[in-house]
Colleague: 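Let me give you the structure first, and then I'll get to my questions.
Convention: sequence-line order gives letters A, B, ...; per-chain numbering from 1.
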Amino acid sequence: MPKRVGIEVSLAASEAACAADTDVVAAYPITPQTHIVEHLSELVADGKLDAEFVPVESEHSAMSVCVGSSAAGARTFTATSSQGLALMHEILFIAPALRTPIVMVVANRALSGPISIWNDHSDIMAERDVGWIQTFAENGQEVFDLIIHAFRVAEDPEVLLPIMVNLDGFTLSHVIEPIEMLSASEVKRYLKPYKPQMVLDPKKPVTMGPVGMPEVYTEAKRQIEALLQGSKKVVVKAWKEFAKHYGRTYKPIETYRMKGAEVVLLTMGSVSETAMTAVDRMWDKGMRVGLLRFRLWRPFPLQEFRRAMRGVKVLAVMDRAISYGGLGGPVFTEVRSALYGTFEQPQVFGFVAGLGGRDITVDMFEEMVKKAIRYAKRGKGPTYEMIGVRER
Amino acid sequence: MAKVDAIIGWRNLEIGCAITEPGSSRKLRTGDWRSQRPVTDRKKCIKCGMCWIFCPDIVYSPLRSGFYKWDGEYCKGCGICAHECPKDAITMVTEGD
């Protein structure tokens, strides 16, 4: 049985990449991801991880090195945050297109401006459509486990796509939690060595990343879309295998006190633990409120979500990112679209909260739920609204 | 990726659309991009080989006679050869005329 240790979640993330026997780490430090790559460079320098640590000059280079090293057949890990993720943007599309199974941790942080080092989901939501598998962790144990899981899924010959494991900057990355750390030998039972299917090798030269003429570009996009959609079954299977090995069970969607719930609160990431407290308090007051959290965000777990929403009359969706000039937060618009045309379609209301490190309290969750109930009774409400914003 | 070879379904693409055979650009017959073709007047040609040197698509090849053979399968009709020819021996002629 692995030992439970008190450890900062960032360090646990590095230890997970170390236990997975990563071959190459190319990263540039950025708050609040810094401790992750700092500790990885220590692990490499101390000889605890036999890997190449490439200290690059920017995140654009970090992702470029990762694509190259993964194409050369190396198990590749990196981590970033906010502006760093934004700087990687153009290379992010290339990683899935070249089928490079990179694992990247994103310590979610707000995007400028104004400059903010604090937590929200605006960085990752801007990278929603880049073709990566995306998972969201709620706590430190989940961060460790999702990283191990990510390598297994990414490197599956049926997938060969990169994965981002999201964890909330500071509120998760910088807290010390009791975590069951798996050793390299324990991880080896679950995670087999990476066998690249297409590799850069002078003995058998190939050209990766040639131009895609109009005759082939559509087919190339179709293939990545099919692979990403198809990866869900591999994601789920790898979680089932994980449970067999280590006893912790993960699913694409996590629900809490949904039985008999009329109103459901939808969240992502670590704030869901505060939401659970809010849900408990509301049940004590006689309100029938459930909680639903996406662990898997890409590919979108449509069937699981629709199944979970059966019988729900009102859905309050909380976004931690704003979509300027749009119809609501990115999670809200997508979730509402997922429910459109379903039988017993619930009324869906969107709330944007917790931007740039603003605390989200138990009271705020209760406010969202009460507002959603009120709007539902009235039969109309604002398309979406911002919670906790000062008007004057 | 050659146009003639790219007419395949998405299921049959190589992993990452990689090119696994060397020299496959030969299959990309770029001649159909052309709207003009170069015509050499051998009376003016001094066999200097400037067309052969400057052609970005290696469309010209030397003949035993000293003249240069033009390959319409690959010539995109860019006109560099006509521009560089020191004797103005090459004329760009609109295709279809």
Colleague: Would the number of heavy atoms belonging to other residues, nucleotides or ligands and lying under 6.0 Å from CD of A/E158 be above 12?
Modeller: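 12 or below, so no.
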Colleague: Tell me whether B/I53 at atom CD1 has more than 12 heavy atoms from other residues, nucleotides or ligands lying less than 6.0 Å away.
Modeller: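 Buried by this count: over 12 neighbours within 6.0 Å.
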Colleague: Chain A heavy atoms under 4.5 Å from B/E21: which part of the residue, side chain, backbone, both or neither?
Modeller: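 Contact with chain A involves no heavy atom of B/E21 at all.
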Colleague: Got more than 12 heavy atoms from elsewhere within 6.0 Å of NZ, A/K240?
Modeller: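 Open: at most 12 neighbouring heavy atoms sit under 6.0 Å from NZ of A/K240.
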Colleague: Looking at every heavy atom in both B/A18 and A/M208, which two are closest together, and how far apart are they?
Modeller: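 Result for this residue pair: CB-CG, 4.4 Å.
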Colleague: Out of curiosity, B/L13 CG to A/R222 CZ, how far, rounded to the nearest 0.5 Å?
Modeller: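 Spacing of CG (B/L13) from CZ (A/R222) equals 11.5 Å.
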Colleague: With a 6.0 Å cut-off (strictly less than), is the heavy-atom count around CZ of B/F67, excluding the residue itself, greater than 12?
Modeller: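 Yes - once you tally the heavy atoms of other residues, nucleotides and ligands closer than 6.0 Å, there are more than 12.
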Colleague: So, A/Q223 side chain and B/W10 main chain: donor-acceptor pair closer than 3.5 Å or not?
Modeller: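 At least one qualifying donor-acceptor pair exists.
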Colleague: Considering all heavy atoms of both residues, which atom of B/T20 and which atom of A/K204 are nearest to each other, and what is their separation?
Modeller: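 Looking at all heavy atoms of both residues, the closest pair is O-NZ, 4.2 Å.
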Colleague: Determine whether more than 12 heavy atoms belonging to other residues, nucleotides or ligands lie under 6.0 Å from atom CG of B/D41.
Modeller: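 Buried by this count: over 12 neighbours within 6.0 Å.
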Colleague: As an exercise, state the distance from OG1 of A/T100 to CD1 of B/I15, rounded to the nearest 0.5 Å.
Modeller: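 So the gap between those two atoms works out to 12.0 Å.
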Colleague: Minimum heavy-atom separation for B/C17 to A/A220, with atom names?
Modeller: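 Heavy-atom minimum between the residues: SG-CB, 3.7 Å.
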Colleague: Verify the neighbour count for atom NZ of B/K47: are there more than 12 heavy atoms of other residues, nucleotides or ligands below 6.0 Å?
Modeller: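 Yes, because the 6.0 Å sphere around NZ of B/K47 holds more than 12 heavy atoms from other groups.
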